[in-house]
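Before any comments, here is the structure.
One-based numbering, in listed order, for ligands and for the atoms of each. Computed from a predicted model, the values in this text were never measured in an experiment.
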Amino acid sequence: MQIIDGKKIAEKIKDQVTKKIFALKEARPNLAIILVGEREDSKLYVNMKEREAKKVGIDTHIYRCEADISEVEIIKTIEFLNNDNLIDAILVQLPLPSGFDTDKIIAKIDPKKDVDCFHPENVKILLSTCNHEEVIPPLIKVVLEILGSIKCNLVKKKVCVIANSDIFGKSMAKVLECRGAEVEITASDQEDLKNKTCKADILITAIGKPKFIKKDFIKKDAVVIDIGITKEGEKVFGDVDFEDVKDTVGFITPVPGGVGPMTIAMLFKNTLELYKRRHEL
Ligand code: GUN
């Protein structure tokens with residue numbers, strides 16, 4: 001088994017972004033983040049994004065809103081940021097507290113400032129082309145980077161994506177299929193889940209169920225990318241039971257220290273990309 005060191009790869013990406021930002025002749029890229037409510041994990045992620053952004057030279061503008069803010073107020077904030085010439089990239093930290101219409105809120109972000117690539121127009125573009133030079137969701141870029149780091153050729157590879165979010169699953173499948181993979185999307189509550197996961201050369205799991213994936217879900221020597229992060233007290237768990245699967249997998253991303261730090265690095269890469277487009281660089 002080989003452990004994929006997400007922290008190390010993230011540092012490399014951030015170094016590249018830092019150098020590119022340092023070389024800019026104009027003002028630094030500006031990233032706005034809207035955080036609604038008091039979820040401890042969301043607060044932690046936003047604090048991490050703020051701290052790490054400083055290191056690469058991205059200016060952040062954090063809008064911390066009470067959970068009882070109205071949808072209208074959030075939309076007004078987004079519209080203000082859409083029109084603010086300083087702001088290159090906008091992120092609404094998810095999940096929003098219950099009661100908010102996430103799709104409606106995301107759809108208010110200017111697609112040109114949509115750093116997560118969650119806006120329906122951007123999703124439509126992603127699903128309709130294999131030309132993925134444009135901004136794609138940081139998490140999907142992370143998966144490609146991980147597979148690249150172990151020189152995994154995707155042609156004819158069987159990939160199983162366990163995702164409880166429809167958009168993530170579909171976007172992930174499209175990007176991998178464009179690179180020659182045969183992708184099956186499934187959900188954690190499917191009865192024949194194990195049958196599907198056991199055939200996969202590459203298993204990608206994003207369900208948020210700690211230690212749910214055991215060795216009998218995994219094909220011998222498969223590549224396992226664990227996107228699930230669940231915080232229990234001070235401890236963080238992935239979807240995969242690392243101890244149980246370690247003698248079965250070929251490669252695995254650990255939690256913590258796998259996908260998480262890389263996603264932040266890719267968020268900065270996307271922020272710089274949006275900045276360059278707005279400044280026609
Ligand atoms: N919450 C957890 N991951 C993400 C992400 O990639 N983007 C946003 N907006 N919220 C998240």
Side-chain angles (χ1 to χ4, degrees), residues 6 10 13-14 31-53 58 60-65 67 74-75 77-78 81-82 87-98 100-111 113-120 122-123 126 135-146 161-172 175 204-210 225-231 236-239 253 255-274:
I13 298 164
K14 283 188 285 183
L31 166 67
I33 301 178
I34 300 174
L35 170 65
V36 184
E38 295 294 327
R39 269 182 75 113
E40 283 307 319
D41 55 350
S42 292
K43 286 201 284 191
L44 191 81
Y45 296 143
V46 169
N47 288 344
M48 262 158 54
K49 286 169 186 172
E50 188 178 25
R51 191 186 64 217
E52 293 300 308
I58 289 175
T60 50
H61 307 262
I62 317 286
Y63 293 76
R64 292 184 171 86
C65 312
I74 297 179
I75 290 170
T77 307
I78 292 173
L81 295 167
N82 285 344
I87 299 297
D88 302 291
I90 303 170
L91 179 151
V92 177
Q93 185 68 27
L94 300 178
L96 289 167
S98 59
F100 287 99
D101 184 340
T102 302
D103 291 346
K104 182 176 165 193
I105 289 170
I106 296 295
K108 296 292 175 188
I109 299 173
D110 178 347
K113 296 189 178 186
D114 169 31
V115 72
D116 270 323
C117 195
F118 288 164
H119 188 284
N122 287 330
V123 175
L126 186 140
V135 176
I136 58 175
L139 202 45
I140 296 182
K141 274 194 174 165
V142 165
V143 170
L144 294 179
E145 186 77 24
I146 286 168
V161 182
I162 319 176
N164 293 340
S165 145
D166 193 36
I167 290 189
F168 171 74
K170 278 190 186 147
S171 303
M172 187 74 252
V175 171
I204 300 170
T205 167
I207 51 180
K209 290 191 176 186
I225 300 180
D226 189 350
I227 294 176
I229 298 180
T230 309
K231 219 173 160 254
V236 177
F237 297 98
D239 290 344
T253 60
V255 177
V259 167
M262 289 182 71
T263 310
I264 296 184
M266 287 302 183
L267 166 68
F268 300 154
K269 200 167 170 178
N270 271 7
T271 302
L272 176 60
E273 187 59 36
L274 293 177

- Message: Any side-chain to backbone donor/acceptor pair from Asp88 onto Leu274? Under 3.5 Å, distance only.
- Response: no
- Pro95 vs Thr102 side-chain heavy atoms within contact, under 4.5 Å: no
- Does any non-hydrogen side-chain atom of Lys49 lie less than 4.5 Å from one of Leu91? yes
Contacts table for ligand 1: protein N or O within a distance under 3.5 Å of ligand N or O, distances only.
residue  : atom   : partner : partner atom : Å
ligand 1 : 1 (N)  : Gln93   : NE2          : 3.2
ligand 1 : 1 (N)  : Leu94   : O            : 2.8
ligand 1 : 7 (N)  : Asp116  : OD1          : 3.2
ligand 1 : 7 (N)  : Asp116  : OD2          : 3.2
ligand 1 : 9 (N)  : Val92   : O            : 2.7
ligand 1 : 9 (N)  : Asp116  : OD2          : 2.6
ligand 1 : 10 (N) : Leu94   : N            : 3.0

- Task: Give a yes or no answer on whether the side chain of Asp239 reaches the backbone of Gly208 with a donor-acceptor pair at less than 3.5 Å.
- Result: yes
- Report yes if some heavy atom in the side chain of Val123 is under 4.5 Å from a heavy atom in the side chain of Lys170; otherwise report no. no
- Presence of salt bridge, Glu52 and Lys14, under 4.0 angstrom: yes
